[in-house]
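Since we're looking at a predicted model, the values are computed, not measured. Along the sequence shown, residues are numbered consecutively beginning with 1.
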Amino acid sequence: RSYLLKRALHIEVTGFYFKLNNALVQRKDGSGADYYINAGDTKQKGLEVSADYNKHFPGSAILRSLQIRGGYTLHDFTYGTLLKDTVNFSGKQLPGVPKNAVSIAADLNLTMGAYVNLTWYQAGETFLNDANSAKTKGYNLLGARIGFRFSYGKWMLNFYGGGDNLLDEKYSLGNDINDPRGRFFNAAALRNYYAGVRIGHLCKQ
């Protein structure tokens, strides 16, 4: 853990190794219902990096503050020994966990009440079954929001609009791991937009 740039930048790095005996492994029966069994052991090695940058602009007539948050994860999760009937899955990657993932979020606030929020998430390929014979492709999710906050009498108003999945990626909102029917995916929404207004009552000091 470290602070840089006059403590405006905070960086934290974590490494870990976790070995689990008699691990719970997800299965699905012919109807698609989940059940779990104790099967073998797992070896979970990983690296997680996070960074936060905060900057204020006290003398600026336009900019008020900027905050950037980022993270990276490397998860090398494998089975140690795993036998299912006569099939040996030892050494295979654990399904459902992307090996690499990156996330970045940025918030820019202006002095006149306007603001911009940006988010980006990138996930690498993810295995969907113990045999590692089915996997997802990597995908990138980009989101953006712009808005304007101001007070009116006793009320605080916030008008905003934005979009999600702006790159129009096709990805799964949640994967059904080890589905015997091969139905692993639950399709997420493609590019979409929204707008709204939030009204709050100002509290007296």
Side-chain angles (χ1 to χ4, degrees), residues 1-4 9-53 67-106 118-143 164-165 167 169-190:
R1 179 182 301 176
S2 180
Y3 290 90
L4 303 171
L9 177 62
H10 172 221
I11 299 176
E12 189 167 328
V13 180
T14 303
F16 64 88
Y17 174 76
F18 177 65
K19 187 176 186 297
L20 178 63
N21 296 320
N22 297 315
L24 283 173
V25 178
Q26 182 180 352
R27 295 279 187 263
K28 285 187 177 291
D29 60 23
S31 67
D34 294 333
Y35 69 97
Y36 298 85
I37 61 172
N38 290 99
D41 61 276
T42 64
K43 300 176 180 179
Q44 302 179 27
K45 297 175 288 183
L47 177 69
E48 299 180 350
V49 181
S50 64
D52 294 273
Y53 176 76
Q67 182 180 35
I68 302 175
R69 303 173 302 280
Y72 167 74
T73 59
L74 170 63
H75 289 165
D76 185 17
F77 294 176
T78 60
Y79 288 116
T81 302
L82 176 61
L83 298 175
K84 181 183 178 183
D85 299 326
T86 60
V87 182
N88 188 352
F89 296 122
S90 302
K92 297 290 187 180
Q93 293 283 327
L94 267 67
V97 182
K99 191 168 185 177
N100 295 279
V102 179
S103 63
I104 297 176
L118 298 174
T119 59
W120 175 63
Y121 175 75
Q122 191 274 337
E125 63 182 23
T126 304
F127 290 108
L128 300 171
N129 57 11
D130 292 333
N132 293 173
S133 59
K135 63 182 179 181
T136 67
K137 294 181 180 180
Y139 60 89
N140 293 270
L141 298 180
L142 178 64
D164 290 321
N165 193 9
L167 301 178
E169 292 272 59
K170 294 182 179 179
Y171 71 103
S172 178
L173 192 62
N175 300 310
D176 292 333
I177 305 302
N178 287 317
D179 191 315
R181 305 161 297 173
R183 183 191 176 282
F184 302 109
F185 303 98
N186 296 291
L190 297 176

Looking only at atom types and distance, does a side-chain atom of [X] sit under 3.5 Å from a main-chain N or O of [Y], one as donor and one as acceptor?
| X | Y | result |
| --- | --- | --- |
| D179 | R181 | yes |
| D130 | K92 | no |
| S2 | I11 | no |
| S172 | N186 | yes |

Measure the [atom1]-[atom2] distance between [X] and [Y] for me, rounded to the nearest 0.5 Å.
| X | Y | atom1 | atom2 | result |
| --- | --- | --- | --- | --- |
| Y121 | L142 | OH | CG | 14.5 Å |
| L128 | N175 | CG | CG | 5.0 Å |
| N165 | L190 | CG | CG | 6.5 Å |
| F18 | T42 | CZ | OG1 | 6.5 Å |

**Report entry** Considering all heavy atoms, the nearest L9-A51 contact
**Finding:** CD1-CB, 4.5 Å
Query raised in the report: Of all heavy-atom pairs between G80 and S90, which one has the smallest distance, and what is that distance?
Result: O-CB, 3.2 Å
Report task. Check whether any side-chain heavy atom of Y79 lies under 4.5 Å from a side-chain heavy atom of D41, and answer yes or no. Result -> no
Report task. State, yes or no, whether a side-chain contact exists between Y171 and K137 at a heavy-atom distance under 4.5 Å. Result -> no
Query raised in the report: According to the salt bridge (Lys or Arg N to Asp or Glu O under 4.0 Å) rule, which pairs have a member within residues 67-77, sequence neighbours left out?
Result: K45-D76, R69-D107
Requested in this report: Please collect all salt bridge (Lys or Arg N to Asp or Glu O under 4.0 Å) contacts where either partner lies in residues 9-18, sequence neighbours excluded, each pair once.
Outcome: R1-E12
**Report entry** side-chain hydrogen bond (donor to acceptor under 3.5 Å, both in side chains), paired with H75, selected from E48, Q44, Q93
**Finding:** E48
**Report entry** For S133, side chain to side chain donor-acceptor pair (under 3.5 Å) partners two or more places apart
**Finding:** N129
Report summary line: Sorted by chain and number, sequence neighbours left out, side chain to side chain donor-acceptor pair (under 3.5 Å) with E169 holds for none
May I have the list of side-chain donor-acceptor pairs in residues 94-106 shorter than 3.5 Å, sequence neighbours left out?
unit_1, atom_1, unit_2, atom_2, d
N100, OD1, Y72, OH, 2.6

**Report entry** Heavy-atom neighbours of K19 NZ exceed 12 at 6.0 Å
**Finding:** yes
Query raised in the report: Salt-bridged, D176 to R183, with N to O below 4.0 Å?
Result: yes
**Report entry** Partner residues of F184 under the ring-ring contact (aromatic ring centres under 6.0 Å, His included) criterion, sequence neighbours left out
**Finding:** none
